[in-house]
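Throughout, residue positions are numbered sequentially from 1 according to the sequence presented. One-based numbering, in listed order, for ligands and for the atoms of each. Because the structure is predicted, anything quoted here is derived from the model rather than measured.
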Amino acid sequence: MEIEIQLTNSPIAGKIFPPAGGVAGAWLEFRGVVRGEENGQKIAALEYEAYPEMAEREIRRLLEALAAQHPCLAARVIHRVGIISVGETAIYVGVAGRHRGEALALLAKFMDGLKRDVPIWKRHALPVQSSAPHFAGQPELAKAGTPDIMRSLDEAMAKITLHCHPLPPVRVPLEESIGRVLRETVCAPEDLPANDRSTRDGYAILAADAAEKFQVVDTIHAADWKPRQLKFGEAVRVATGSALPCDGVRVVMQENVGRNGDQIRINKLEAGLNLRKRGEDVKAGQPLVSSGVRLDAGKLALLATAGCPQPLVSPRLRVLHFTTGDEIILLDQTPKPGQIRDSNSILIRGLLQNFSCDLEQRHLPENFEAAWAQLDLNRIAAADLVLISGGASVGDKDFTRPLLERFGFEIIFSQVNLRPGKPLIFGINGSRVAFGLPGNALSHFVCFHFAVATALAKLAGEIAPRFLLGKLAAKLDDKPCPRETLWPARLEFSGGEVKLQPLAWASSGDVTCFAAANALIRVPVNCAELEAGAELEFLPTTSMLGA
Ligand code: AMP
Ligand code: MG
């Protein structure tokens, strides 16, 4: 029997033809269409997931076994995976037989076996939000969903840490692993250096040889391996990095030696031996770079030295970022009253530079249904992190929360007792993570550093960012605030110490201070004044890396 199998993310065509071998006799077609109800609940879509290779293998095995009982000419199976909206085809099966009875029997048994034996499953049903379709412009709908509990900064960070899990690691070439998190501990495969080496261009002699004149008996270049036992009065010409000829030698710098043919005279003897001993840097088997560490240029060089061409690292994260707000205009446009240029897109792009990810950005219309209609659900299903800028609060047009809920995200919290950054939404859908970020520039900056960066670190398998302790460079004057504050600051050297210089900012819409900020000072609740020298917690920002 001729068999064709396809697993696909794309919609299944309305008309499908039998494979070449099945054009004679009966052609029987079956379509499994997503219905609007699942377990008594109204749904908008179903998400199917599969182990593709195993699924294809099992479908083939099943069809071949059934063809032995019900001889047919051909079978074509197309199974969709990803998010499939109600009314669309999730599975298509076509069976060609000389007689329709055989084709019917094979098809019926195949459908039974498919459910039982093939690793394709319904991952998730996306619920219909009864409030969603007419959401825009209806303030009461903004409050739909589970009730809000305002989280403290610590609680919010703990929730993110708890709900985000490391994604499965991948092996990639060393040159593609910069910025990724190492997910295995790499140990030295041999002693480093692997043998005693010269640190100078010069002459190796026995360390115990007190003579002034020596006979040059050989030359050892950096690439040579020429072990020989030196005798008293003998010297070997060596280069920086050359493996030394035997134990118990020292190297005399060439600058301190006079040479005449094969004879040398030592004019001055340095105090040091001018050599690196075998295993001096690290012994075979000792850990070189630990699991959970982000790879930078220095660590890559160390992995290269250790002969690790394909380290096990975090996968590149797939990030989708949507901006919202009809007032947002492109950078090359002149704002009319009420309009504002989009600064959040470039801010997010820049902040993500320090993480290994593929970013896709789009602007959404400020209308729930129009935004929903423009979204490619399979792209969202394939994303590890979804970020939505703006619309995170409870204004008439704020639809981030219901949009995330319709994507199937469970909202873990939607408010943090923090200034700036109170209306921050955090949602989870399986291994996927979403944030609704308040649109104001400074809120964005702050929420990225304490929340998004924590999630990214967890997804990559890294230790999440932690608060450090630092001293204020100047008095911090504030009005008592019932919320904790993450205050933009600049970490500077002053009086031989590293200190935190608080930056001036007027509101969460301030667009100037974070251009200079490389740290966020954690100011406690109801704290009016803090004197210079006060010790406080702070969070370094990603720009610290380039500071
Ligand atoms: P929202 O969170 O939607 O209430 O927006 C709060 C403020 O952030 C409003 O003044 C918005 O105009 C502004 N805002 C929202 N998105 C952006 C963006 N992409 N770039 C700059 N400002 C924005
Ligand atoms: Mg808005």
Side-chain angles (χ1 to χ4, degrees), residues 132 135-145 148 150-151 156 319-353 359-372 374-375 385-406 409 411 413-427 434-452 483 486 488 505-515 517:
F135 174 70
Q138 296 188 40
E140 70 281 8
L141 299 176
K143 289 150 200 127
D148 277 340
M150 175 110 75
R151 300 289 173 184
V319 183
L320 281 182
H321 174 219
F322 299 107
T323 50
T324 65
D326 288 346
E327 75 279 23
I328 306 303
I329 57 164
L330 298 174
L331 312 190
D332 57 359
Q333 296 177 322
T334 305
K336 297 194 183 89
Q339 292 186 323
I340 180 166
R341 291 196 188 94
D342 173 17
S343 59
N344 287 341
S345 294
I346 199 72
L347 179 67
I348 292 292
R349 183 171 286 277
L351 292 169
L352 287 173
Q353 285 293 310
L359 173 66
E360 206 179 304
Q361 294 184 299
R362 276 197 55 193
H363 186 71
L364 292 179
E366 201 162 12
N367 168 287
F368 184 93
E369 279 308 323
W372 176 256
Q374 283 196 12
L375 291 166
L385 176 66
V386 176
L387 301 174
I388 304 183
S389 286
S393 194
V394 291
D396 292 7
K397 290 188 149 198
D398 291 346
F399 61 71
T400 295
R401 181 179 178 145
L403 198 61
L404 288 176
E405 283 176 333
R406 206 199 254 189
F409 284 94
I411 304 303
F413 61 76
S414 61
Q415 283 189 70
V416 185
N417 194 23
L418 181 69
R419 174 182 65 147
K422 182 177 157 199
L424 171 71
I425 302 171
F426 169 55
F435 288 98
L437 302 163
N440 273 317
L442 189 55
S443 309
H444 237 66
F445 185 75
V446 165
C447 289
F448 183 91
H449 283 101
F450 88 85
V452 181
R483 288 187 260 158
L486 284 179
W505 61 287
S507 73
S508 56
D510 194 303
V511 290
T512 54
C513 71
F514 63 85

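Between D342 and H363 there is no side-chain heavy-atom pair separated by less than 4.5 Å.
Considering backbone and side-chain atoms alike, T323 places every N or O at 3.5 Å or more from each N or O of ligand 1. Residue L437 places no N or O, backbone or side chain, under 3.5 Å from any N or O of ligand 1. Residue N440 has at least one nitrogen or oxygen atom sitting less than 3.5 Å from a nitrogen or oxygen atom of ligand 1, judged on distance alone. Residue S343 places at least one N or O, backbone or side chain, under 3.5 Å from an N or O of ligand 1. Any N or O atom pair closer than 3.5 Å counts here, and I328 shares no such pair with ligand 1. By the 3.5 Å distance cut-off applied to N or O atoms, D398 is not counted among the residues near ligand 1.
Atoms of ligand 1 found under 4.0 Å from any heavy atom of I340, numbered from 1 in the order shown, are 12 (O), 22 (N). In summary, the atoms of ligand 1 found under 4.0 Å from a heavy atom of G391, numbered by their order in the structure, are 1 (P), 2 (O), 3 (O). Counting the atoms of ligand 1 from 1 in the order shown, those under 4.0 Å from a heavy atom of D342 are 18 (C), 19 (N), 20 (N).
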Checklist entry - Can you check side-chain hydrogen bond (donor to acceptor under 3.5 Å, both in side chains) on H444 and S389, steps first, answer last? => result CA-CA 8 Å; H444 237 66; S389 286; 2.7 Å; yes
Next on the checklist: Apply side-chain hydrogen bond (donor to acceptor under 3.5 Å, both in side chains) to residues R349 and Q361 and explain how you reach the verdict.
Outcome noted: CA-CA 9 Å; R349 183 171 286 277; Q361 294 184 299; 3.2 Å; yes
Item to check | Candidate pair D510 and T512, rule side-chain hydrogen bond (donor to acceptor under 3.5 Å, both in side chains), full reasoning | outcome: CA-CA 6 Å; D510 194 303; T512 54; 2.8 Å; yes
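A salt bridge is defined here as a Lys NZ or Arg NE, NH1 or NH2 lying under 4.0 Å from an Asp or Glu carboxylate O, and K397 with E327 fails to meet this definition.
The line from CD of E405 to CD1 of I411 is 5.0 Å long, rounded to the nearest 0.5 Å. Rounding to the nearest 0.5 Å gives a distance of 9.0 Å between CD1 of I425 and CG of L437.
Although no hydrogens or angles enter the test, the distance criterion places a donor-acceptor pair under 3.5 Å between the side chain of R341 and the main chain of L331. Between the side chain of D326 and the backbone N or O of E366 there is at least one donor-acceptor pair closer than 3.5 Å.
Closest approach of R362 and Q374 over heavy atoms only: NH2-OE1, 2.8 Å.
The protein heavy-atom contact nearest to atom 14 (N) of ligand 1 is G439 O, 3.5 Å. With hydrogens left out, the protein atom closest to atom 12 (O) of ligand 1 is E327 OE2, 2.6 Å, a heavy atom. Closest to atom 17 (C) of ligand 1, if we only count protein heavy atoms, is N344 ND2, 3.1 Å.
For P438, the closest heavy-atom approach to ligand 1 falls below 4.0 Å. By the 4.0 Å heavy-atom criterion, A441 is excluded from the residues contacting ligand 1. Ligand 1 has at least one atom lying under 4.0 Å from a heavy atom of R341.
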